[in-house]
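As structure tokens, the structure follows; a few thoughts come after it.
In what follows, every heavy atom counts, from backbone to side chain, and hydrogens, waters and symmetry copies are set aside.
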Amino acid sequence: MFLLALLIIVLDQVIKYYISSNMFVGQSIPIVPQIFHLTYILNPGAAFGILENQQWLFILIAIALIVVVIYFYKRIKCLAKSFQVGIVLLFGGAIGNMIDRIFIGKVVDYMDFRIWPVFNLADVAIVLGCVIVAFYLLFCTERGDKA
């Protein structure tokens with residue numbers, strides 16, 4: 001599971017480095033015109049720009065998540081693989097965006113589907129991780145399922 005988290009963090013940072021090195025802020029490159037563009041923005045907030053310029057709050061939340069995952073690591077290892085994958089996705093995504101907040105002061109976003117705010121790979125990992133964990137907690141824990 002550690003390798004999955006590391007893969008998410010490294011891939012996220014490599015893509016963000018490539019985008020920020022080869023595009024200027026606000027530049028948009030159509031990949032599939034009118035459907036998917038690479039659009040380089042710097043997001044000062046969380047999802048959809050909420051809580052703008054609260055970088056320390058997001059850094060503290062990410063650090064708290066890291067501490068909780070490390071503290072409960074032995075217990076998490078005993079749970080279903082699906083739950084572990086959800087935690088790892090959440091963990092890797094949070095660290096990817098935390099790195100941006102610490103070193104840039106904002107998060108590099110680039111995936112632009114034109115009907116949704118621009119986001120990045122770390123955001124995808126966080127959302128998928130939350131969905132998997134929520135699904136596990138809502139539908140698998142009461143019956144003792146090992147999804």
Side-chain angles (χ1 to χ4, degrees), residues 1-73 76-77 79-141 145 147:
M1 289 295 161
F2 172 76
L3 290 176
L4 178 58
L6 187 61
L7 177 66
I8 292 165
I9 295 164
V10 169
L11 191 55
D12 176 65
Q13 290 300 304
V14 166
I15 294 169
K16 288 174 177 175
Y17 176 78
Y18 179 81
I19 294 292
S20 61
S21 297
N22 292 290
M23 296 176 69
F24 56 86
V25 176
Q27 182 179 2
S28 188
I29 301 170
I31 304 301
V32 180
Q34 303 304 318
I35 296 173
F36 179 69
H37 292 223
L38 288 179
T39 302
Y40 176 25
I41 67 163
L42 293 172
N43 183 352
F48 319 119
I50 61 171
L51 297 173
E52 192 172 317
N53 297 315
Q54 300 298 314
Q55 301 310 323
W56 288 108
L57 173 64
F58 300 124
I59 290 168
L60 290 173
I61 290 169
I63 291 169
L65 175 65
I66 293 165
V67 168
V68 166
V69 169
I70 291 170
Y71 182 79
F72 288 107
Y73 176 74
I76 292 169
K77 262 182 30 178
L79 295 173
K81 289 292 181 202
S82 60
F83 183 81
Q84 291 178 40
V85 168
I87 293 293
V88 166
L89 289 170
L90 187 57
F91 185 79
I95 291 174
N97 281 343
M98 182 181 72
I99 291 168
D100 287 9
R101 292 182 204 290
I102 290 171
F103 292 103
I104 302 171
K106 298 177 182 179
V107 174
V108 174
D109 285 335
Y110 51 86
M111 292 183 193
D112 184 0
F113 282 95
R114 300 293 165 158
I115 59 168
W116 198 260
V118 182
F119 58 97
N120 62 46
L121 180 64
D123 296 336
V124 172
I126 290 167
V127 169
L128 285 176
C130 287
V131 167
I132 292 168
V133 167
F135 181 85
Y136 177 81
L137 293 174
L138 290 170
F139 300 109
C140 298
T141 55
D145 293 348

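- Smallest separation of non-hydrogen atoms from Leu90 and Cys130: CD1-SG, 3.7 Å.
- With rounding to the nearest 0.5 Å, the separation of CG in Leu38 from OH in Tyr110 is 9.0 Å.
- No donor-acceptor pair closer than 3.5 Å links the side chain of Gln13 to the backbone N or O of Val10.
- The closest donor-acceptor contact from the side chain of Asn22 to the backbone of Tyr18 lies under 3.5 Å.
- Screening residues 87-99 for side chain to side chain donor-acceptor pair (under 3.5 Å), with sequence neighbours left out, gives Lys16-Asn97, Asn97-Asn120, Asn97-Asp123.
- Residues Leu65 and Ile61 have side chains not in contact (no heavy-atom distance under 4.5 Å, counting atoms from C-beta outward).
- If you take CD1 on Ile104 and CG on Asp100, they are separated by 4.5 Å, rounding to the nearest 0.5 Å.
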**Study point:** side chain to side chain contact (heavy atoms under 4.5 Å, CB included) between Ile126 and Leu89, worked out
**Key:** CA-CA 6 Å; Ile126 290 167; Leu89 289 170; over 6 Å; no
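- Residue Ala62 comes nearest to Ala94 through the heavy atom pair CB-O, 4.1 Å, listed as atom of the first residue, atom of the second, then distance.
- Distance check, rounded to the nearest 0.5 Å: CZ of Phe119 to CD1 of Ile41 gives 11.0 Å.
- Between the CG atom of Leu121 and the CG atom of Asp109 there is a distance of 11.0 Å, given to the nearest 0.5 Å.
- For Ser28, the side chain to side chain donor-acceptor pair (under 3.5 Å) partners two or more places apart in sequence, or in a different chain, are His37, Thr39, Arg114.
- Other residues, nucleotides and ligands contribute more than 12 heavy atoms inside 6.0 Å of the CZ atom of Phe113.
- Closest approach of Phe83 and Val133 over heavy atoms only: CE1-CG1, 3.7 Å.
- Surrounding CZ of Phe36 are more than 12 heavy atoms belonging to other residues, nucleotides or ligands, all under 6.0 Å away.
- Distance check, rounded to the nearest 0.5 Å: CD1 of Ile59 to CE of Met98 gives 7.5 Å.
- Remark: Ile9 CD1 to Ile95 CD1 distance equals 4.0 Å, nearest 0.5 Å.
- Looking at residues two or more places apart in sequence or on another chain, you find no side-chain contact (heavy atoms from CB on, under 4.5 Å) involving Leu7.
- Here the side chains of Val118 and Met111 are not in contact, with every heavy-atom distance at 4.5 Å or above.
- Among all heavy-atom pairs drawn from Ala125 and Ile8, the shortest one is CB-CG2, 3.9 Å.
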